[in-house]
Amino acid sequence: MSTTAELLKGAAELFPGEVVTSAHVRHFDLPLGAGRFALITLDNGHDHTKPTTLGPQSLANIDAAIDRVEKEAAASEIVGVGVTGKPFIFAVGADLKGVELLKRHEDALAIGKGGHDVFKRLSQLAVPTFAYYNGAAMGGGVEVGLHCAYRTVSAALPAFSLPEVFLGLVPGWGGCTLLPNLIGAEKAVSVIIENSLNQNKQLKGHQVYELGIADAIFEGADFLEQSLIWTASVLRGEIVVERPVIDRGEAWDQAVAKGRLIADSKVHGAAPAAYRALDIIAAAKDGDLQKGYDAEDKALADLIMGGELRSGIYAFNLVQKRGKRPAGAPDKSLARPVTKVGVVGAGLMASQLALLFLRRLEVPVVLTDIDQERVDKGVGYVHAEIDKLLGKGRISQDKANRFKALVSGVLDKAEGFADADFVIEAVFEEMGVKQQVFAEIEAVAPAHAILATNTSSLSVSEMASKLKNPERVVGFHFFNPVAVLPLLEIVRGERTDDASLATAFGVAKKLKKTAVLVKDAPAFVVNRILTRFMGEIQNVIDEGTPVEVAERAVEPLGLPMSPLVLLELVGPAIGLHVSETLNKAFPDRFTVSPNLKKVVGAGKRGFYVYSAETAKPELDPEVAALLEQGDTVLTEEQVRARVLDAVAQEIGLMLDEGVVAEAQDIDLCLITGAGWPFHLGGITPYLDREGVSERVNGKRFLEPGVASVPA
């Protein structure tokens with residue numbers, strides 16, 4: 001048994017739940033008389049929807065397949081070797097279910113070395129090797145292909161990425177070393193760092209080709225056949241693949257420096273993965289591949305044993321599993337069909353909702369408002385967005401015409417909602433206004449129609465309290481921008497029945513939203529936590545801490561934006577309204593900042609103005625003049641501790657109140673509704689890891705081994 005085989009056999013014992021990928025070898029004669037060819041196909045079963053992953057046993061199977069073709073190549077029985085995947089899926093990387101179970105650094109190191117040892121053999125074969133990216137390729141799947149001499153890609157490929165940095169790892173089976181040596185440091189930094197930190201942005205097939213990762217691109221329908229014809233031409237010398245010379249001078253260093261700026265802007269030094277990846281890319285400049293592989297092994301092992309990766313895997317599983325099977329959702333068989341949607345309001349939020357329902361449900365959508373001008377503006381917004389989709393080639397002319405025909409606007413609710421199955425309001429955030437709107441809808445909508453509210457903080461139960469049928473009212477709280485943020489907080493009022501709730505969850509699924517069941521409690525989940533978080537920042541500013549100190553204090557969390565920039569995005573007036581709502585509910589913990597009141601009263605859109613030269617935020621002099629501060633000045637460390645303690649306390653209270661089922665739902669909400677980073681795991685793993693949970697609440701939020709190294 002080879003050293004690699006022994007290594008993988010030992011590692012396989014640590015992955016008891018691995019979905020094993022086989023590596024089948026087929027032989028056939030290439031077109032054009034190019035000779036006998038061996039094709040290795042990666043496959044983990046007959047279910048073509050199940051991603052092909054790579055654990056120790058899977059790597060051992062690939063290793064055994066390479067043993068076979070290596071002997072054939074040495075005996076001149078074949079002229080080349082190809083690697084492809086099962087229909088629609090090439091391979092999506094390491095088996096993370098096993099990685100999160102590893103307890104020892106040496107076991108983690110073995111996983112890195114095992115992958116390198118197997119994949120390197122492809123580049124060392126005596127015949128040319130080819131990777132055929134026929135479907136989704138991520139992480140280790142991408143890296144298999146990078147070890148081959150040539151690559152083709154399907155034009156229909158939907159997703160291609162090196163997502164490791166997003167999860168708290170580095171591309172550790174050759175990605176950090178081989179990719180910059182193939183396409184140059186600048187493009188490699190874009191794929192490995194920028195795309196990963198941009199919410200794990202995926203590449204399409206044509207982008208993979210344009211970047212130079214693939215040498216040829218073919219249509220999906222006959223991708224493998226065309227790839228083999230191309231392969232035959234390469235082997236016969238009729239096609240010569242020419243790649244640009246890599247700039248190993250100043251351009252390489254500038255690319256790495258740019259990557260560090262990107263990492264700083266996204267994680268502010270709080271998460272090590274991006275910086276470890278950039279160190280390896282920087283060292284790859286001299287082309288010493290083995291040195292790069294060794295550095296990848298060490299970085300991979302270090303990060304596997306760190307909290308960032310465990311939190312990243314935890315967050316990934318929340319989004320991919322819990323987010324698709326919402327805790328507490330009623331039996332979906334109770335859901336009623338929705339064949340027409342009504343939207344009350346025609347402002348920006350209402351218009352965004354109308355567009356979303358139209359695109360996802362493809363049913364008639366009707367908007368209403370208080371005057372024709374507003375109605376026309378709302379319908380016009382939807383039409384303009386449809387035209388944009390058409391212009392980008394994302395929908396056909398026929399679909400654009402159909403969508404425009406499906407959306408309409410009326411002043412008379414009776415005319416618009418008489419046959420609607422689902423009506424959602426997006427009007428001014430004031431209880432009396434919303435109660436009046438619901439009374440008007442109930443009078444004209446069918447008895448089975450769901451009445452949904454997009455309220456961000458008001459009580460759904462109180463909103464429904466004056467209706468004859470309050471059981472059909474649900475909270476349906478979207479996050480702005482509606483088309484971007486996946487979260488949908490579904491709020492069950494005191495009298496909401498199961499059928500209405502099931503219908504709401506059914507609609508959420510069709511909208512492709514991550515739905516979380518939330519108790520009818522003030523501000524629900526995301527806004528309650530963010531308001532407590534922001535409230536402490538505002539408190540320390542009011543007390544005397546400089547604005548820039550308060551802002552810098554939370555940079556180590558690596559949040560997508562600073563608190564006051566977030567306030568500007570939300571809108572100071574909305575932030576003030578939510579803080580006032582929560583102050584009424586919980587006056588001992590939620591304050592109303594007098595300085596925020598002044599900013600809103602002055603009509604300011606935020607605390608900052610932006611330099612035309614740098615586009616960086618600078619404290620608005622007019623806002624600075626408004627601020628009245630005390631003389632208590634805290635350090636960044638003191639501010640951070642105070643903010644984290646407040647958040648930990650609030651989450652503990654929310655869980656005690658049953659606002660959501662578990663801490664996992666808190667994290668899922670923050671990740672999908674507020675863009676909090678995967679490396680935090682949302683927030684509770686970070687609070688556990690930093691000891692804040694036990695300091696404030698006397699216990700961890702999660703069991704040891706969940707989003708942390710097993711004991």
Side-chain angles (χ1 to χ4, degrees), residues 4 21-44 48 52 54 58-91 117-137 140-157 160 174 178 182 205 208-209 212-243:
T4 299
T21 294
S22 59
H24 304 295
V25 181
R26 291 185 292 152
H27 297 84
F28 44 82
D29 293 324
L30 285 171
L32 309 175
R36 192 76 171 160
F37 191 75
L39 180 66
I40 300 172
T41 301
L42 309 177
D43 194 345
N44 64 349
H48 292 322
T52 301
L54 304 173
S58 302
L59 291 172
N61 289 343
I62 298 171
D63 193 49
I66 295 174
D67 276 343
R68 178 177 175 182
V69 298
E70 183 179 57
K71 293 173 184 176
E72 294 168 346
S76 299
E77 296 174 3
I78 55 175
V79 295
V81 175
V83 181
T84 193
K86 66 184 183 181
F88 313 118
I89 296 174
F90 186 80
D117 289 350
V118 172
F119 294 171
K120 280 191 299 185
R121 297 185 67 196
L122 286 169
S123 63
Q124 295 167 353
L125 290 175
V127 295
T129 50
F130 299 78
Y132 306 130
Y133 290 126
N134 65 305
V142 169
E143 290 168 309
V144 172
L146 292 179
H147 283 80
C148 294
Y150 304 96
R151 286 156 296 281
T152 66
V153 65
S154 168
L157 182 146
F160 183 104
L178 292 174
L182 174 66
V208 174
Y209 174 66
I213 299 172
D215 303 305
I217 183 168
F218 301 107
E219 293 301 320
D222 57 350
F223 169 71
L224 185 56
E225 293 84 350
Q226 292 301 317
S227 292
L228 292 173
I229 293 171
W230 181 85
T231 297
S233 296
V234 170
L235 292 173
R236 286 167 56 88
E238 297 167 358
I239 292 178
V240 176
V241 174
E242 295 182 355
R243 299 187 180 119

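The figures here come from the full heavy-atom set of this structure, side chains too, leaving out hydrogens, waters and symmetry mates. It should be emphasised that the depicted structure is a prediction, and the values quoted were computed from it without experimental measurement.
Residues Leu54 and Ile62 form a side-chain contact, since some pair of their non-hydrogen atoms from C-beta on lies under 4.5 Å apart. Taking 4.5 Å as the limit, every side-chain heavy atom of Glu143 sits out of range of all side-chain heavy atoms of Leu178. No side-chain heavy atom of Ile213 sits less than 4.5 Å from a side-chain heavy atom of Val153.
Here the side chain of Asn61 pairs a donor or acceptor atom with the backbone of Thr21 at under 3.5 angstrom. A donor-acceptor pair under 3.5 Å is formed between the side chain of Thr129 and the backbone N or O of Ala149.
Listed by first and then second residue, the salt bridge (charged side-chain N to carboxylate O under 4.0 Å, His left out) pairs involving residues 123-133 amount to none (not counting sequence neighbours).
Checked against side-chain hydrogen bond (donor to acceptor under 3.5 Å, both in side chains), Thr152 has the following partners two or more places apart in sequence or in another chain: Ser227. Take Phe130 and apply the ring-ring contact (aromatic ring centres under 6.0 Å, His included) test, not counting sequence neighbours, and it matches Tyr150. A search for ring-ring contact (aromatic ring centres under 6.0 Å, His included) contacts involving Tyr132 returns nothing, not counting sequence neighbours. Residues satisfying the side-chain hydrogen bond (donor to acceptor under 3.5 Å, both in side chains) criterion with Ser22, sequence neighbours excluded, are His24. Residues meeting the ring-ring contact (aromatic ring centres under 6.0 Å, His included) test with Tyr209, sequence neighbours left out: none. The ring-ring contact (aromatic ring centres under 6.0 Å, His included) check on Phe119 picks up His147, Trp173, with sequence neighbours excluded. Shown here are the salt bridge (Lys or Arg N to Asp or Glu O under 4.0 Å) partners of Arg243, two or more places apart in sequence or in another chain: Asp215. Applying the side chain to side chain contact (heavy atoms under 4.5 Å, CB included) test to Ala64 and every residue at least two apart in sequence or in another chain returns nothing. Residues meeting the salt bridge (Lys or Arg N to Asp or Glu O under 4.0 Å) test with Glu238, sequence neighbours left out: Arg236. Partners of Thr84 according to the side-chain hydrogen bond (donor to acceptor under 3.5 Å, both in side chains) rule, which considers only residues two or more places apart in sequence or in another chain, are Asn134.
Counting heavy atoms of neighbouring residues, nucleotides and ligands inside a 6.0 Å radius, atom CD of Gln124 exceeds 12 of them. The 12-atom threshold is exceeded at CD of Glu77, counting heavy atoms of other residues, nucleotides or ligands nearer than 6.0 Å.
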Tell me which donor-acceptor pairs under 3.5 Å the side chains of residues 27-36 have, and how far apart each pair is, sequence neighbours excluded?
unit_1, atom_1, unit_2, atom_2, d
His27, NE2, Glu72, OE1, 2.8
His27, NE2, Glu72, OE2, 3.0

